[in-house]
Structure formats: structure tokens, C-alpha cells
Student: 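Below you will find the structure I want to go over with you.
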Amino acid sequence: MNKYLYFIRMFVLGSVVMISCSKVGSPGAETPDAIDQNDDVFPTITVSKPMGNQVYTSGDSIIVEGKVTDEKTLYKGKVEIKNDVNSLVVANGNYETHFLATMDYRLAYKAVVTTPTDFTIRVEFQDHGFNTSITTLKVKVNP
């Protein structure tokens, strides 16, 4: 019985994913998730905080702030902070827009550590031409 329920759940989940990720729309379509076949310029990601290799003290908040721009319109993006010692994503933020060419992002995480710990910050955004830009930087938190 459990295997049957597992199969049904996976089928429903797979169906939802396929429908939500399908390439709906065409150039010039009036739907917000239309694919722009003529968009071949990647979004530009600017990180204003933190600086690469910035050092924090345990209890400080790692604040990630910046802006992403595109020559047409942005589609979606995510910002995440990952603990490099255990590979856990300790904070993440997801963004979605269909009408903006410029968007600010912000994510904060209060880091508490007992040993010096490196963290990776990853900022990723995609436009409606499926052009994806990724920026990564490292920071350190000391006890």
C-alpha cells in the first residue's frame, strides 16, 4: 500500500513539475511566462554587500544585498548562503518576476559558529530568454 501511495505522489509531483516548467508561450505572446527567443543577453548581477572574503565574528549577520538588471525582463532568481563545512544551505531567498528589468535582492543570516567557518554566497538570476547569470563569493565567520 505504501509503495502505491509513493507512486501516486511521485506521479502527481512529476506532473506538476512538468506543467509548471513547460516552455509555454512563444515570441510575442502576451503571457507573463512567455519565452523570448530573441533574448540572448545575460542578466547583470551586482553584489553590493558583502565584499568577497569579508570576515565576520560569530553572532554577526551576513547580509547579502545587490541588484540584478536585464536588457529586457527578468524571470526568476535565487540567493543562498551555504556553510562550506557541512554543505548545508543555511539561508535562501527565491525571486520571480515577469515584468521588471531591474530588481533589488536582499538576504540575511545570523551566523553563529564555534570554529572558523567559510560560507559560500551564490546569486543566480535568469531572464525570459533562459539566459542564466551566476555570481559566487566567499566569506568567513570566526568564533
Student: Give the C-alpha distance, both sets of side-chain angles, the deciding distance and a yes or no for side chain to side chain contact (heavy atoms under 4.5 Å, CB included) between Phe125 and Lys78.
Tutor: CA-CA 6 Å; Phe125 277 89; Lys78 65 181 175 180; over 6 Å; no

Student: Give the minimum heavy-atom separation between Ile121 and Val139, together with the two atoms involved.
Tutor: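 Scanning both residues completely, I find the closest heavy atoms to be CD1-CG1, 4.0 Å.
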
Student: Under a single-linkage definition using a 4.5 Å side-chain heavy-atom cutoff for Ile, Leu, Val, Met, Phe, Trp and Tyr, are Val64 and Val113 assigned to the same hydrophobic cluster?
Tutor: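 In one cluster with Val64: Val113, yes.
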
Student: Against Val123, only a single residue in Leu107, Leu137, Val79, Val68 fulfils side chain to side chain contact (heavy atoms under 4.5 Å, CB included); can you say which?
Tutor: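 Of all the options given, the one that passes is Val79.
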
Student: Taking side chain to side chain donor-acceptor pair (under 3.5 Å) as the cut-off, I'd like each qualifying pair that reaches into residues 60-73, sequence neighbours left out, listed once.
Tutor: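 Non-adjacent pairs meeting side chain to side chain donor-acceptor pair (under 3.5 Å): Asp36-Lys72, Glu65-Arg106.
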
Student: Looking at residues at least two apart in the chain, or sitting in another chain, which of them share a side chain to side chain contact (heavy atoms under 4.5 Å, CB included) with Ala111?
Tutor: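 Side chain to side chain contact (heavy atoms under 4.5 Å, CB included) list for Ala111, sorted by chain: Ile62, Tyr109, Phe119, Val141.
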
Student: So which atom in Pro143 and which in Pro116 form the shortest heavy-atom distance, rounded to 0.1 Å?
Tutor: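 The pair with the smallest heavy-atom distance is CD-N, 3.7 Å.
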
Student: Anything under 30° is parallel, anything over 60° is perpendicular, the rest tilted; go ahead and classify His98 against Tyr75.
Tutor: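 If you compare the ring of His98 with that of Tyr75, the planes turn out tilted.
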
Student: Could you go through Ile81 and Val89, starting from their C-alpha distance and side-chain angles, then the distance that decides it, and tell me whether this counts as side chain to side chain contact (heavy atoms under 4.5 Å, CB included)?
Tutor: CA-CA 6 Å; Ile81 302 171; Val89 174; over 6 Å; no

Student: Answer with yes or no whether the hydrophobic clustering places Val90 together with Val47; edges join I, L, V, M, F, W, Y residues whose side-chain heavy atoms lie under 4.5 Å apart.
Tutor: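 Both belong to a single hydrophobic cluster.
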
Student: Of all the heavy-atom pairs spanning Asn83 and Val85, show the shortest one and how long it is.
Tutor: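 It is OD1-N, 2.7 Å.
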
Student: Kindly give the heavy-atom pair with the smallest separation between Ile45 and Ile134, and that separation in Å.
Tutor: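 It is CD1-N, 4.1 Å.
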
Student: Look up atom CE in Met103 and atom NZ in Lys76, then write down how far apart they are to the nearest 0.5 Å.
Tutor: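 NZ of Lys76 is found 12.5 Å from CE of Met103.
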
Student: For residues Ala91 and Ala108, report the shortest heavy-atom separation together with the two atoms involved.
Tutor: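 Taking Ala91 first and Ala108 second, the nearest heavy atoms are CB-O, 4.4 Å.
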
Student: Would you indicate whether the side-chain heavy atoms of Leu74 and Pro43 approach each other to under 4.5 Å?
Tutor: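 With C-beta onward as the side chain, the pair touches.
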
Student: Only pairs at least two apart or in different chains count here, so list each side chain to side chain donor-acceptor pair (under 3.5 Å) that has a residue in residues 113-126.
Tutor: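 Counting only pairs at least two positions apart or across chains, the side chain to side chain donor-acceptor pair (under 3.5 Å) contacts touching residues 113-126 are Asp84-Thr120, Asp118-Lys140, Thr120-Lys138, Arg122-Glu124, Gln126-Thr132.
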
Student: Please test Asp40 against Asn38 for side chain to side chain contact (heavy atoms under 4.5 Å, CB included), starting from the C-alpha separation and ending with a verdict.
Tutor: CA-CA 6 Å; Asp40 59 357; Asn38 298 316; over 6 Å; no

